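Small disclaimer: the values here were computed from a predicted structure and weren't measured.
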Amino acid sequence: MNYFESLEEILLTSNPKEKFKKFEFFYEKFLNKSFNFDLDYEPKPLDEPSYINLMKIVLPKEVRTRKYFDTNEGKGSLLHTIAHIEYSAIDLALDAAFRFKNLPDDYYKDWLEVASDEIRHFLMIEEIMKKVGYKYGDFEVHTNLFEAMKKTNTLVERMAIVPRYLEANGLDQNPKIMKKLDSNPDEINKEILKVLNIILEEEIDHVFKGDKWFKFACEKENLDVENTYLELIEKYYPGSTEGKKPDMNFEARKKAGFSCNELKRLANKKNCF
């Protein structure tokens with residue numbers, strides 16, 4: 001089986017159940033080394049997300065803000081937001097494992113492992129969402145994560161912007177959501193908290209993988225890690241490096257590979273704790 005052709009088919013599959021089934025088969029073959037890497041295979045450009053026909057897509061500013069936690073609709077909306085992040089992260093991991101060639105075997109192993117984790121996260125959230133009467137596709141979504149994937153076509157940029165910036169931001173936001181859930185501990189919120197704890201711990205590892213391969217790519221191109229990272233964030237998200245993140249999850253980010261000096265620069269603080 002051709003690795004790139006098979007993985008592209010999974011990436012482009014729009015039905016979640018079908019996508020996950022194909023991935024399970026593919027991943028088993030990969031772990032058993034039953035693939036050949038045809039480096040001449042030309043990937044198709046990705047013009048639209050795989051979920052485009054599953055739900056209404058709007059601009060980020062048009063996504064309705066609902067009061068979470070106190071109604072089924074609020075819980076459903078929160079769960080849907082998390083599910084969409086996880087579903088988008090599945091495609092991001094698949095694309096990372098598909099888009100870039102001539103890399104060490106561990107690179108492909110890492111990102112397929114991330115995809116497997118993200119599928120599991122999505123399914124856990126989907127199960128709770130069903131309990132409050134909703135399913136994936138019931139709420140509007142934006143395509144910010146997909147747009148970041150589409151625009152970052154080099155390994156340095158992809159690893160900096162997707163795992164090391166966008167997913168690392170999730171490490172900052174997760175504890176805030178957990179704190180709100182913990183202040184209203186009904187049975188559903190307790191279930192969400194349990195899953196978010198799992199996601200937070202495993203997302204640290206995902207960001208760490210991004211950190212590892214970002215540094216690998218920087219070394220290969222003789223680039224300074226910290227300055228390159230800050231320059232790329234400013235390129236894609238102007239103004240975001242101007243000391244606007246004082247509430248970073250320093251502990252999680254340090255576990256994920258960020259240096260203390262880097263965190264001080266990002267948060268505009270004298271200390272990184």
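In this structure, K254 and L263 have side chains that are in contact, with non-hydrogen atoms separated by less than 4.5 Å. Considering only heavy atoms from C-beta on, I188 stays 4.5 Å or farther from N72 through its side chain. You'll find the side chain of L166 reaches within 4.5 Å of the side chain of Y237, heavy atoms only. The shortest distance between side-chain heavy atoms of F30 and L7 does not fall below 4.5 Å. Between L181 and L78, some side-chain heavy-atom pair lies under the 4.5 Å cut-off. In this structure, the side chains of L155 and L103 come closer than 4.5 Å at one or more pairs of heavy atoms. Under the 4.5 Å side-chain criterion, counting only non-hydrogen atoms from C-beta, D172 is in contact with R253. When side chains are defined from C-beta on, L92 does not count as touching F146, because their heavy atoms never get closer than 4.5 Å.
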Handout entry: Criterion salt bridge (charged side-chain N to carboxylate O under 4.0 Å, His left out) on E262 and R164, from CA distance to verdict
Key = CA-CA 12 Å; E262 195 172 16; R164 224 173 176 265; 2.6 Å; yes
Practice task
I would like to know whether K209 and D205 meet side-chain contact (heavy atoms from CB on, under 4.5 Å); could you show each step before the answer?
Solution key: CA-CA 6 Å; K209 286 179 168 66; D205 179 64; 2.4 Å; yes
Exercise for the section: Take N249 and N174 through the test side-chain contact (heavy atoms from CB on, under 4.5 Å) and record every step on the way to the result. Expected result: CA-CA 9 Å; N249 187 340; N174 191 312; over 6 Å; no
Handout entry: CA sep, side-chain torsions, deciding dist, call: Y51, H84, ring pair (Phe, Tyr, Trp, His ring centres under 6.0 Å)
Key = CA-CA 9 Å; Y51 52 80; H84 185 59; 4.7 Å; yes
Exercise for the section: Under the side chain to side chain donor-acceptor pair (under 3.5 Å) rule, what do E226 and N261 come out as? Steps first, then yes or no, please. Expected result: CA-CA 9 Å; E226 290 185 13; N261 185 60; 2.8 Å; yes
Practice task
For K235 and E231, run salt bridge (charged side-chain N to carboxylate O under 4.0 Å, His left out): C-alpha distance rounded to whole Å, both residues' side-chain angles, the deciding distance at 0.1 Å, then the answer.
Solution key: CA-CA 6 Å; K235 173 185 174 181; E231 287 165 8; over 6 Å; no
Practice task
Verify salt bridge (charged side-chain N to carboxylate O under 4.0 Å, His left out) between E202 and R120, making sure each step is shown before the conclusion.
Solution key: CA-CA 11 Å; E202 295 187 356; R120 182 164 40 80; 2.9 Å; yes
Exercise for the section: Test K190 against D186 for salt bridge (charged side-chain N to carboxylate O under 4.0 Å, His left out), laying out the working first. Expected result: CA-CA 6 Å; K190 287 178 182 177; D186 62 28; over 6 Å; no
Practice task
Check the pair F216, D211 against side-chain contact (heavy atoms from CB on, under 4.5 Å), reporting the backbone distance first and the verdict last.
Solution key: CA-CA 9 Å; F216 170 90; D211 177 81; over 6 Å; no
Exercise for the section: Before giving the answer on side-chain contact (heavy atoms from CB on, under 4.5 Å), spell out for K75 and N189 the whole-Å C-alpha distance, their side-chain angles and the decisive distance to 0.1 Å. Expected result: CA-CA 8 Å; K75 294 181 199 301; N189 285 351; 3.2 Å; yes
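Taking F37 as the reference, Y3, F4, Y108 meet the ring-ring contact (aromatic ring centres under 6.0 Å, His included) condition, with sequence neighbours excluded. The ring-ring contact (aromatic ring centres under 6.0 Å, His included) check on Y27 picks up F23, with sequence neighbours excluded. The salt bridge (charged side-chain N to carboxylate O under 4.0 Å, His left out) search around K56 returns none, not counting sequence neighbours. Legend: residues meeting salt bridge (charged side-chain N to carboxylate O under 4.0 Å, His left out) with E201, ordered by chain and number and at least two apart, are absent. For K151, the salt bridge (charged side-chain N to carboxylate O under 4.0 Å, His left out) test picks out no residue, with sequence neighbours left out. Judged as a side chain to side chain contact (heavy atoms under 4.5 Å, CB included), and not counting sequence neighbours, the contacts of N36 are N2, D38. Under the ring-ring contact (aromatic ring centres under 6.0 Å, His included) criterion, F20 pairs with F122, not counting sequence neighbours. When the ring-ring contact (aromatic ring centres under 6.0 Å, His included) test is applied to F98, no partner is found at least two apart in sequence or on another chain. Applying the side-chain hydrogen bond (donor to acceptor under 3.5 Å, both in side chains) rule to K21 yields no partners; only residues at least two apart in sequence or on another chain are considered. Not counting sequence neighbours, the partners of K29 by the side chain to side chain contact (heavy atoms under 4.5 Å, CB included) test are M1, F25, S34, F35.
V162 and F208 sit in two unconnected hydrophobic clusters of ILVMFWY residues. Membership requires side-chain heavy atoms under 4.5 Å apart, directly or through other members. The hydrophobic cluster containing W111 also contains I204, counting ILVMFWY residues as joined when their side-chain heavy atoms lie under 4.5 angstrom apart, directly or transitively. Hydrophobic cluster membership differs between M55 and L59, with clusters built from Ile, Leu, Val, Met, Phe, Trp and Tyr side chains linked at under 4.5 angstrom.
Among all heavy-atom pairs drawn from G210 and P163, the shortest one is CA-CG, 3.5 Å. When all heavy atoms are compared, the tightest approach of T228 to D224 is OG1-O, 2.5 Å. When every heavy atom of A96 is checked against every heavy atom of M159, the shortest pair comes out as CB-CE, 4.3 Å. Taking each heavy atom of F214 and A160 in turn, the nearest pair found is CE1-CB, 3.6 Å. Across all non-hydrogen atoms, the minimal contact from N197 to M178 is OD1-CE, 3.0 Å. Between Y87 and S14, the closest heavy-atom pair is OH-O, 3.5 Å.
Partner of Y41 under the side chain to side chain donor-acceptor pair (under 3.5 Å) criterion, out of E8, K101, E5: E8 alone.
A salt bridge between D110 and K212 is present, with a side-chain N of the basic residue lying under 4.0 Å from a carboxylate O of the acidic one. Using a 4.0 Å cut-off between charged side-chain N and carboxylate O, E251 and K255 make a salt bridge.
Listed for the S116 side chain is no donor-acceptor partner under 3.5 Å among the backbone atoms of L112. The closest donor-acceptor contact from the side chain of H142 to the backbone of I57 lies at 3.5 Å or more, if one exists at all.
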Report all side-chain donor-acceptor pairs from residues 127-135 shorter than 3.5 Å, counting only partners two or more places apart or in another chain.
| residue | atom | partner | partner atom | Å |
| --- | --- | --- | --- | --- |
| K131 | NZ | E191 | OE1 | 2.9 |
| K131 | NZ | E191 | OE2 | 3.3 |
| K135 | NZ | D138 | OD1 | 2.9 |

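N32 CG: more than 12 foreign heavy atoms inside a 6.0 Å radius.
Within the cation-pi definition used here (under 6.0 Å to the ring centroid, within 45° of the axis), R265 does not qualify as a partner of Y229.
Atoms CG and CD1, on L11 and I90 in that order, are 11.0 Å from each other to the nearest 0.5 Å. The CG atom of L94 sits 6.5 Å away from atom CD1 of I119, with the distance rounded to the nearest 0.5 Å.
Sequence neighbours left out, the pairs with a member in residues 82-95 that pass salt bridge (Lys or Arg N to Asp or Glu O under 4.0 Å) are K19-D91, D95-R99, D95-R158.
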